[in-house]
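Structure first, then comments.
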Amino acid sequence: MRYPFGHGLSYTGFAYGDLQAEVVDPSSGRVRVTCTVANTGPVAGAEIVQLYVGDPEAEVHRPVRELRGFEKVGLEPGETVTVSFDLVSRDFAYWDTSSTRPDGRSGLWRREGGDFTIEVGASSRDIRLATTITLPDDPTIPPLVRDWGLRRAEEGGAPSSRFVQGHAG
């Protein structure tokens with residue numbers, strides 16, 4: 001990527017600090033993230049503060065970081081502001097095509113429990129702050145069928161996924 005979102009030149013500088021990630025409600029996946037941004041240069045300027053979430057131990061392949069929010073702030077020289085982001089369960093989830101919703105339709109947003117990285121920066125290539133939070137599995141969705149469960153079914157065990165039930169081959 002030649003120029004990531006937020007890339008640009010400025011006549012001033014910005015300092016990031018005081019990152020806080022508060023898990024407001026673990027079961028519903030609500031998290032509030034705040035940080036401060038200060039204009040450290042001699043002239044007024046604007047900065048796009050970006051929030052990224054990562055799931056380093058996901059059961060499926062996921063990007064290292066996913067953009068989950070951004071806020072453009074204008075600052076006078078020496079001014080500092082606090083930027084806040086409110087995250088919900090879906091911000092930590094991925095689309096699971098193999099699960100069925102209660103209404104019978106295929107696919108749902110799945111939030112796996114575990115550690116998540118919270119990163120804030122000026123772009124995806126310029127991360128200034130990072131921390132880790134822990135969330136539980138989303139209790140409202142069925143458990144994930146792991147690959148070993150699928151292999152067991154292929155070896156003659158009980159089918160544990162709709163993908164191997166009735167499969168001819």
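Just so it is clear, the values below take in all heavy atoms, side chains as well, and ignore hydrogens, waters and symmetry mates.
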Provide the closest heavy-atom pair for [X] versus [Y] in the form atom of the first, atom of the second, distance.
| X | Y | answer |
| --- | --- | --- |
| Phe116 | Pro56 | CA-CD, 4.5 Å |
| Ser27 | Pro139 | O-CD, 3.6 Å |
| Leu129 | Cys35 | CD1-CB, 3.8 Å |
| Arg111 | Ser89 | NH1-OG, 2.8 Å |
| Ala130 | Glu119 | CB-CG, 4.1 Å |

Could you tell me whether the side chain of [X] and the main chain of [Y] form a donor-acceptor pair under 3.5 Å?
| X | Y | value |
| --- | --- | --- |
| Thr40 | Ala15 | no |
| Glu66 | Tyr52 | no |
| Arg110 | Ile141 | no |
| Gln50 | Ala122 | yes |
| Asp91 | Val88 | yes |
| Asp25 | Arg30 | no |
| Thr12 | Gly45 | no |
| Asn39 | Leu75 | yes |

Residue pair [X] / [Y], side-chain donor-acceptor N/O under 3.5 Å:
| X | Y | value |
| --- | --- | --- |
| Asp115 | Thr132 | no |
| Asp96 | Ser99 | yes |
| Tyr16 | Glu47 | yes |

Given Val83, Thr82, Asp86, the one that forms side-chain contact (heavy atoms from CB on, under 4.5 Å) with Thr34
Thr82

Are any non-hydrogen side-chain atoms of [X] and [Y] less than 4.5 angstrom apart?
| X | Y | value |
| --- | --- | --- |
| Arg68 | Leu87 | yes |
| Val49 | Val73 | yes |
| Thr80 | Val37 | no |
| Glu22 | Gln20 | no |
| Val53 | Thr117 | no |
| Phe85 | Glu71 | yes |
| Phe92 | Asp55 | no |

Just to verify, what does Pro26 make a side-chain contact (heavy atoms from CB on, under 4.5 Å) with, not counting sequence neighbours?
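side-chain contact (heavy atoms from CB on, under 4.5 Å) check on Pro26 returns Val23, Pro136.
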
Tell me whether [X] shares a hydrophobic cluster with [Y], the cluster being built from Ile, Leu, Val, Met, Phe, Trp, Tyr side chains joined at under 4.5 Å.
| X | Y | result |
| --- | --- | --- |
| Val31 | Leu19 | yes |
| Ile48 | Leu67 | yes |
| Val120 | Phe14 | yes |

Stepwise side chain to side chain contact (heavy atoms under 4.5 Å, CB included) check, Val43 with Glu76:
CA-CA 7 Å; Val43 297; Glu76 295 297 321; over 6 Å; no

Flag yes if more than 12 heavy atoms outside Phe70 fall under 6.0 Å of its CZ atom; otherwise flag no.
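No, the 6.0 Å shell around CZ holds no more than 12 heavy atoms from other groups.
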
Report the distance from atom CH2 of Trp109 to atom OH of Tyr94, rounding to the nearest 0.5 Å.
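The OH atom of Tyr94 is 11.0 Å from CH2 of Trp109, to the nearest 0.5 Å.
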
